[in-house]
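Working notes for the structure below.
Within every chain, numbering begins at 1; the chains are lettered A, B, ... in the order of the sequence lines, protein sequences first and strands thereafter.
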There are 2 protein chains.
Amino acid sequence: MIDAAERKEPMDEGVSLGGLETTVGFVLRLAQVAVFKDLLSALKPFDLRVTDLSVLLVIEATPGLQQRAIGDVLRIQRPNLVTIIDQLEARGLVRRGPVPADRRAYALSLTVEGEALLQQAKRAHAQHDRKVLDALGDLDKERMLAALERIAAL
Amino acid sequence: MIDAAERKEPMDEGVSLGGLETTVGFVLRLAQVAVFKDLLSALKPFDLRVTDLSVLLVIEATPGLQQRAIGDVLRIQRPNLVTIIDQLEARGLVRRGPVPADRRAYALSLTVEGEALLQQAKRAHAQHDRKVLDALGDLDKERMLAALERIAAL
DNA sequence: CGCATTTTGTTATGAGTACTAATTATTTCA
DNA sequence: TGAAATAATTAGTACTCATAACAAAATGCG
């Protein structure tokens, strides 16, 4: 396959984006897609998607959490979280334990296998995150995060 | 529906995200989702999706462009662009004209209706963009764009 | 020129993600 | 106790994104 950068005739570099290229929203999307693609490939060896990693991280941080709580903080709809947990449970990474006070809910926790895999995945994630931070250049992380959080609260 | 912020018992604010909240990638995603949601609702009156607007903007900037070129700059796969143009053409907003030198391709241009609708949509878009820029706070747009572009080039 | 290769747009199709409505079991509360 | 709310689930849907294969036309090289 021939990359656009080395094609002969059309020379797409000259095509105007109609002002889109100086728009925060548009570039924000390009950046987000790139970050997710990079992280996804970094997690490939562990057969984890980005969402899987985030779920595992939250469970690790607070074992005993219920599905609803995880969905809330990660902005995952409850029905969607069900299948995610289903898969992680089927792989023996996560356990659906009983909640003493509530027989409807499950107390989620990592199995030893889940904990072990997560440790590996965390190293890959840290490596990925380093790349992202390097790309920030002179812009310090704190100001970037603050700005992004304000945008997220639109 | 009850918002999480005003629910009584669980108090999700205390749930740890396991370090995710200080990750550029995660917050980047939240920001991007928020921006798209805001822009989508701003474009609702014109029955345009975000992608539709970007396509119209590119065509306006360079009339006579072929589908392939638009897909390249906007990162839209050719098959997907076909249906997008189909819809815009069916609504009378875009015209598929002949390319003198190439009978396979179409020279895309805006109709008068398309031009008129785009002008309105651009005002809505400008209003939305103003909100995003305000959210940047002390961070100047140029540095933000530069950082995002470097991330997008990961 | 003539024939293989490439390119444009198209169709069909599948994977992945995300959303809504409705159901069951359980808990909460008036 | 009975009504309403909640946790998880199921089923169905919609939207985005990607790939493969195709016809028509253009390109290019012998």
Side-chain angles (χ1 to χ4, degrees), chain A residues 1-4 6-12 29-30 32-34 36-37 40-41 43-44 47-52 54-55 64-72 74-90 94-108, chain B residues 1-4 6-12 29-30 32-34 36-37 40 43 47-52 54-55 64-72 74-90 94-108:
Chain A
M1 191 197 185
I2 302 178
D3 186 48
E6 54 188 9
R7 282 232 313 292
K8 303 157 231 172
E9 297 288 359
M11 203 51 185
D12 296 325
R29 183 181 133 84
L30 294 183
Q32 195 264 317
V33 169
F36 260 54
K37 188 185 294 184
L40 180 63
S41 81
L43 294 177
K44 207 88 173 189
D47 193 25
L48 291 175
R49 288 161 302 176
V50 177
T51 304
D52 296 328
S54 65
V55 168
L65 225 49
Q66 303 180 10
Q67 293 180 193
R68 163 76 188 233
I70 296 177
D72 282 350
L74 290 179
R75 316 229 185 159
I76 301 173
Q77 240 73 26
R78 266 76 84 228
N80 299 329
L81 195 56
V82 169
T83 70
I84 294 172
I85 301 293
D86 277 350
Q87 294 163 356
L88 294 176
E89 190 187 32
V94 161
R95 181 176 27 240
R96 277 197 247 231
V99 172
D102 193 336
R103 285 187 295 168
R104 296 169 303 181
Y106 295 121
L108 299 175
Chain B
M1 189 198 184
I2 302 179
D3 187 47
E6 55 187 8
R7 280 229 317 290
K8 303 158 235 174
E9 297 288 0
M11 201 52 185
D12 295 324
R29 182 182 134 83
L30 295 184
Q32 195 264 318
V33 169
F36 261 54
K37 188 185 293 183
L40 180 63
L43 292 177
D47 194 24
L48 291 175
R49 288 161 303 176
V50 177
T51 305
D52 295 328
S54 64
V55 168
L65 226 48
Q66 304 181 9
Q67 292 181 193
R68 163 76 187 233
I70 295 177
D72 282 349
L74 290 179
R75 317 229 186 158
I76 301 173
Q77 241 72 30
R78 264 73 80 224
N80 299 328
L81 193 57
V82 169
T83 71
I84 294 173
I85 301 293
D86 278 351
Q87 294 164 356
L88 293 176
E89 189 187 33
V94 160
R95 181 175 27 240
R96 277 196 246 231
V99 172
D102 193 335
R103 284 187 296 166
R104 294 170 304 181
Y106 295 120
L108 299 175

Q. Can you tell me how far CZ of B:Arg29 sits from OG of A:Ser54, rounded to the nearest 0.5 angstrom?
A. 8.5 Å
(Q) Expressed as a whole number of angstroms, how long is the span from A:Arg78:CZ to C:dA18:C1'? (A) 13 Å
Q.
Tell me the interatomic distance from B:Asp72, atom CG, to C:dT7, atom C1', rounded to whole angstroms.
A. 12 Å
Q: Would you kindly say whether B:Gln87 and B:Arg49 are connected by a side-chain donor-acceptor distance under 3.5 Å?
A: yes
Q) Atom CG of A:Leu108 and atom CG of A:Leu65: how far apart are they, to the nearest 0.5 Å? A) 7.0 Å
Q) Nearest-Å distance, CZ (B:Phe36) to P (C:dT17)? A) 18 Å
Q: Using whole Å, report how far CD of A:Gln32 lies from P of D:dC17.
A: 11 Å
Q: Check B:Gln67 against B:Leu81 and note the closest heavy-atom contact, atom names and distance.
A: O-CD2, 3.0 Å
Q. Which heavy atom in B:Leu43 sits nearest to a heavy atom in B:Leu48, and how many Å separate them?
A. CB-O, 3.3 Å
Q: Grab the OH-C1' distance between B:Tyr106 and C:dT7 for me, whole Å please.
A: 15 Å
**Q.** Separation between CD1 of A:Ile84 and CD of A:Gln77, rounded to the nearest 0.5 Å
**A.** 11.0 Å
Q) What's the CZ-C1' distance between A:Arg68 and C:dT27, to the nearest Å? A) 14 Å
Q: State, to 0.1 Å, how close B:Pro98 and B:Ala107 come at their nearest heavy-atom pair, and which atoms those are.
A: O-CB, 3.7 Å
Protein N or O to nucleotides 13-16 of chain D N or O, pairs below 3.5 Å:
residue: D:dT16; atom: OP2; partner: B:Arg49; partner atom: NH1; Å: 3.2

Q: For D:dT9, take OP1 and OP2 only and decide whether either is under 4.0 Å from a side-chain N or O of A:Arg96.
A: yes
Q.
Could you tell me how far apart A:Leu65 (CG) and D:dA8 (C1') are, to the nearest whole angstrom?
A. 15 Å
Q.
Let me spell it out: for each of B:Gln66 and A:Ala101, pick the nucleotide of DNA chain C with the closest heavy atom. Which residue's pick is nearer the 5' end?
A. B:Gln66
Q | Nearest-Å distance for atom pair CD1/P, residues B:Ile76 and D:dT19 | A | 15 Å
Q: From the options C:dT8, D:dT19, D:dA8, select the nucleotide whose nearest atom is closest to the side chain of A:Gln67.
A: D:dA8
Q. Does B:Gln77 put a side-chain nitrogen or oxygen below 4.0 Å from OP1 or OP2 of D:dA18?
A. yes
Q) Which atoms form the tightest heavy-atom contact between A:Val99 and A:Tyr106, and what is the distance? A) CG2-C, 3.5 Å
(Q) I need the residues from residues 80-89 of chain A with at least one non-hydrogen atom less than 4.0 Å from DNA chain C; give them sorted by number, or say none. (A) A:Asn80
Q | Residue whose nearest DNA chain C nucleotide is more 5′ - A:Pro79 or B:Asp102 | A | B:Asp102
Q: Would you tell me if any nitrogen or oxygen in the side chain of A:Arg103 comes within less than 4.0 Å of OP1 or OP2 on C:dT27?
A: yes
**Q.** Nearest-0.5 Å distance, CG of residue B:Leu88 to CG of residue B:Asp52
**A.** 5.0 Å
Q. Considering only heavy atoms and no angle criterion, is a donor-acceptor pair shorter than 3.5 Å present between the side chain of B:Arg104 and the base of C:dT8?
A. no
**Q.** Separation between CD of B:Glu89 and CZ of B:Arg95, rounded to the nearest 0.5 Å
**A.** 10.0 Å
